[in-house]
Asks: 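Once you've had a glance at the structure underneath, I'll fire off some questions.
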Amino acid sequence: MKTIGYAAHSADSAMVPYHFERRALRPNDVAIEILYCGVCHSDLHTVNGDWGPQPYPLVPGHEIVGVVQSVGPDVKRYKVGDRVAVGCMVDSCQHCDQCHHGEEQYCRNGMTPTYGAPDRIDSTTTQGGYSKHIVVREEFVLQIPDNMDMAKAAPILCAGITTYSPLRTWNVTKGSRVGVIGLGGLGHMAVKLAHAMGAEVTVISRSDSKKADAMAMGAKGILASTDAAAMKAAGSSFDLIIDTAPVKHDVSLYTPLLDIDGTLVVVGQVGPLAELMSVPLVFGRRRVAGSLIGGIAETQEVLNFCAEHNVYPDCEMIRMDQINDAFDRLAKGDLAHRFVIDMSSLNAG
Ligand SMILES: [Zn+2]
Ligand SMILES: [Zn+2]
């Protein structure tokens, strides 16, 4: 199947239109016409080569929403016209213990990311959602709930599940005290989801300049990490901190904010952190942990949760040809919302 997308051809080149082929349908494949694709910070990191060399040309995008265009003969769950989504993974081994209990992101044999990785069967490079079409095996296709606004759903597929999964893993419920470090794409979803679960949410940010945004999303307040007196007063007051800071930083500034047995979960930075101070960990059985996206079943769960609780990311719709400007703005950081590409702006010609 011929399609068109936007690709990077090297680490330092701009994104440009790119004609390429999607594979012919295998028996268990679903072909999807993409309507919207979110712009994740990791798209930018990946095409820039920040996380190592890439198999260019590369079409990024792993927050994909669209409609089923055709299905292979063995597909059971989907039919032409269904509203569907694809997130950060498109395959895994399907037979290890992690795959069996629905945590394909931790597949013992390595999951297949939506873009920039070899396909498990034919070894061609997977290409992501900045394109008109995608072909994915049905086990990795999600269902968009009937009452969900498709135009706003895309960021749930990465930013949503990345923050929902640790909130569930650490049993956040009514009255849980949750801190969220950073109020960007991930952070703003963490605030909304934790609030919808009934938690008391505090945004932890360098200054309190985003207080109004944070409160509008459901936070009860903002804690300025540069205010030493406020940080001291907030000691031992959180059950869980979701740390979305996407750069090297010092988590030991935040661990004293955890109560005894509290956990700080890193979901933003993939790489080095500042040297870890053990004192707050030892004197309080506090933990520093990490978490990667979520399994397919849990991704369906967060879509359903968002539909049920009317939780939506704050989206700024862009045209496909605005992607280079969007990357520039993303690189400068501090956007409390997500860019979403309206794929109807990409002409097939
Ligand atoms: Zn992402
Ligand atoms: Zn597996």
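Start at 1 and go down the list; that is how both ligands and their atoms are numbered.
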Asks: Any N/O/S atom of His41 sitting less than 2.8 Å from the Zn ion (ligand 1), backbone or side chain?
Replies: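 Short answer: no, not a single N, O or S atom is under the cut-off.
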
Asks: Which angle, to the nearest 10 degrees, do you find at the Zn ion (ligand 2) between SG in Cys107 and SG in Cys96?
Replies: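 Roughly 120°, rounded to 10°.
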
Asks: Could you give me the CA-CA distance, side-chain angles and deciding distance for Tyr164 and Phe305, then say whether ring pair (Phe, Tyr, Trp, His ring centres under 6.0 Å) is met?
Replies: CA-CA 10 Å; Tyr164 181 86; Phe305 180 90; 5.5 Å; yes

Asks: Is there an N/O/S atom in Cys93 at a distance below 2.8 Å from the Zn ion (ligand 2)?
Replies: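 Coordinating: yes.
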
Asks: Specify whether an N/O/S atom of Cys88 falls short of 2.8 Å from the Zn ion (ligand 1).
Replies: no

Asks: Kindly compute the distance separating CG (Asp325) from CE (Met15), expressed to the nearest 0.5 Å.
Replies: 13.0 Å

Asks: At the Zn ion (ligand 1), what angle lies between atom SG of Cys158 and atom SG of Cys40, rounded to 10 degrees?
Replies: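 An angle of 120° at the metal.
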
Asks: How long is the gap from CD1 on Ile293 to OG1 on Thr162, to the nearest 0.5 Å?
Replies: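 The CD1 atom of Ile293 sits 6.5 Å away from the OG1 atom of Thr162.
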
Asks: Would you say Met277 has more than 12 foreign heavy atoms packed within less than 6.0 Å of its CE?
Replies: no

Asks: Report, as yes or no, whether the 6.0 Å neighbourhood of atom CZ on Arg285 holds more than 12 heavy atoms from other residues, nucleotides or ligands.
Replies: no

